Amino acid sequence: MNQDAMRKKIRELLKKHNLRVTKSRMAVMMAIHEKKAPMTHQEIMSILPDGFDKASIWRILANFAEIGLLVRMDLGDRIWRYELTDDRQTLDNKHAHFLCDDCGTVYCLPPVLLQIKSPLPKELEGAELNVRVTGRCSVCLA
């Protein structure tokens, strides 16, 4: 999808959620769309042109996650990352991720089917399940 078509789609999405189409909101959504992988607040800020306020971007990310435009995740390294909600994700809005132990780069993995052969204990029914694969990425291995 070209940039103009993506901007149009984002505008429609923001309006659908009764949000004003602002320069900041558009910039955040475009940055995350272009990366096509989970991003930290710092990574998003590094992509945005100068002049965007860190606190405003935090609020935008939190708001987008709250209304379901983004998924907010912690992959076990205590760093929040944000990712577009889209059809690559499974029915519960999750898919597995690979986290490089050396450089911290995150890659989305194709859908994973996890089968549990015995009934879950009642305490785990309805629990959130996140699949994270760790190791060294191809760049760090080279």
Side-chain angles (χ1 to χ4, degrees), residues 1-140:
M1 181 178 300
N2 69 35
Q3 293 250 335
D4 289 336
M6 192 64 221
R7 282 188 181 90
K8 182 179 178 186
K9 184 177 177 181
I10 291 170
R11 279 188 195 93
E12 290 169 1
L13 195 58
L14 293 174
K15 288 178 183 178
K16 177 182 169 186
H17 285 87
N18 297 316
L19 296 171
R20 284 185 18 245
V21 177
T22 66
K23 184 178 176 182
S24 301
R25 288 178 176 144
M26 289 294 296
V28 166
M29 290 297 281
M30 288 298 292
I32 293 173
H33 169 74
E34 288 172 11
K35 175 79 180 219
K36 294 182 176 32
M39 296 177 69
T40 66
H41 176 266
Q42 183 177 349
E43 289 170 330
I44 294 166
M45 290 300 298
S46 72
I47 291 175
L48 298 178
D50 291 338
F52 287 99
D53 177 62
K54 282 184 176 187
S56 295
I57 300 305
W58 270 118
R59 284 190 295 275
I60 288 169
L61 291 170
N63 182 239
F64 284 176
E66 184 179 309
I67 64 174
L69 290 176
L70 298 178
V71 175
R72 183 175 84 163
M73 69 190 80
D74 172 359
L75 297 176
D77 57 357
R78 298 182 184 186
I79 298 172
W80 286 116
R81 289 180 178 83
Y82 298 85
E83 176 176 48
L84 289 174
T85 303
D86 64 23
D87 35 57
R88 287 179 308 153
Q89 299 176 355
T90 60
L91 292 176
D92 64 348
N93 253 355
K94 305 280 183 193
H95 58 263
H97 295 90
F98 172 83
L99 173 64
C100 179
D101 290 327
D102 288 350
C103 68
T105 299
V106 176
Y107 300 95
C108 295
L109 297 176
V112 174
L113 177 62
L114 180 65
Q115 292 183 340
I116 300 173
K117 298 208 179 217
S118 60
L120 281 175
K122 287 190 186 242
E123 299 83 14
L124 295 179
E125 289 178 9
E128 185 176 310
L129 177 66
N130 295 301
V131 177
R132 175 183 64 132
V133 178
T134 61
R136 295 177 69 205
C137 69
S138 58
V139 173
C140 291

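Model, not experiment: these values are computed from the prediction. What's counted below: heavy atoms across the whole structure, side chains too, no hydrogens, waters or symmetry copies.
- Leu13 CG to Ile67 CD1: the interatomic distance, rounded to the nearest 0.5 Å, is 7.5 Å.
- Residues Cys137 and Cys100 share a closest heavy-atom pair of N-SG, 3.3 Å.
- Remark: side-chain polar atoms of His17 are not paired, donor with acceptor, to backbone N or O of Glu12 under 3.5 angstrom.
- Note that CD1 of Ile47 is 7.5 Å distant from CD1 of Ile44, once rounded to the nearest 0.5 Å.
- In this structure, the salt bridge (Lys or Arg N to Asp or Glu O under 4.0 Å) partners of Asp77, at least two apart in sequence or on a different chain, are Arg81.
- Rounding to the nearest 0.5 Å gives a distance of 10.5 Å between CZ of Arg59 and CZ of Arg25.
- Exactly one of Arg72, His97, Lys35 qualifies for a side-chain hydrogen bond (donor to acceptor under 3.5 Å, both in side chains) with Glu83. That residue is His97.
- Taking both residues in full, the closest heavy atoms of Val28 and Leu48 are given as N-CD2, 4.2 Å, listed atom of the first, atom of the second, then distance.
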**Request:** Go through the steps for Asn63 and Ile60 under the test side chain to side chain contact (heavy atoms under 4.5 Å, CB included), then give the verdict.
**Result:** CA-CA 5 Å; Asn63 182 239; Ile60 288 169; 5.7 Å; no

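- Heavy-atom minimum distance, Asp102 versus Cys140: CB-SG, 3.7 Å.
- To the nearest 0.5 Å, atoms CG (Asp74) and CH2 (Trp80) are separated by 5.5 Å.
- Between Met29 and Leu70, some side-chain heavy-atom pair lies under the 4.5 Å cut-off.
- You'll find the side chain of Leu69 reaches within 4.5 Å of the side chain of Leu19, heavy atoms only.
- For the side chain to side chain contact (heavy atoms under 4.5 Å, CB included) test with Phe64, the passing option among Val71, Thr85, Ile32, Leu14 is Leu14; the others fail.
- Judged purely by atom type and a 3.5 angstrom limit, Thr134 has no side-chain atom pairing as donor or acceptor with the backbone of Leu99.
- To the nearest 0.5 Å, the span separating CE on Met6 from CD on Glu34 amounts to 9.5 Å.
- Between the CZ atom in Arg20 and the CZ atom in Arg11 there is a gap of 14.5 Å [rounded to 0.5 Å].
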**Request:** Begin with the C-alpha distance, continue with both residues' side-chain angles, and end with the deciding distance and a verdict on ring-ring contact (aromatic ring centres under 6.0 Å, His included) for Trp58 and His41.
**Result:** CA-CA 7 Å; Trp58 270 118; His41 176 266; 4.1 Å; yes

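- Using the six-membered ring where Trp is involved, Tyr107 and Phe98 have ring planes that are tilted, between 30° and 60° apart.
- Ala27 and Phe52 get closest at one heavy-atom pair: CB-CZ, 3.7 Å.
- Looking at every heavy atom in both residues, Met39 comes nearest to Ala31 through SD-O, 3.7 Å.
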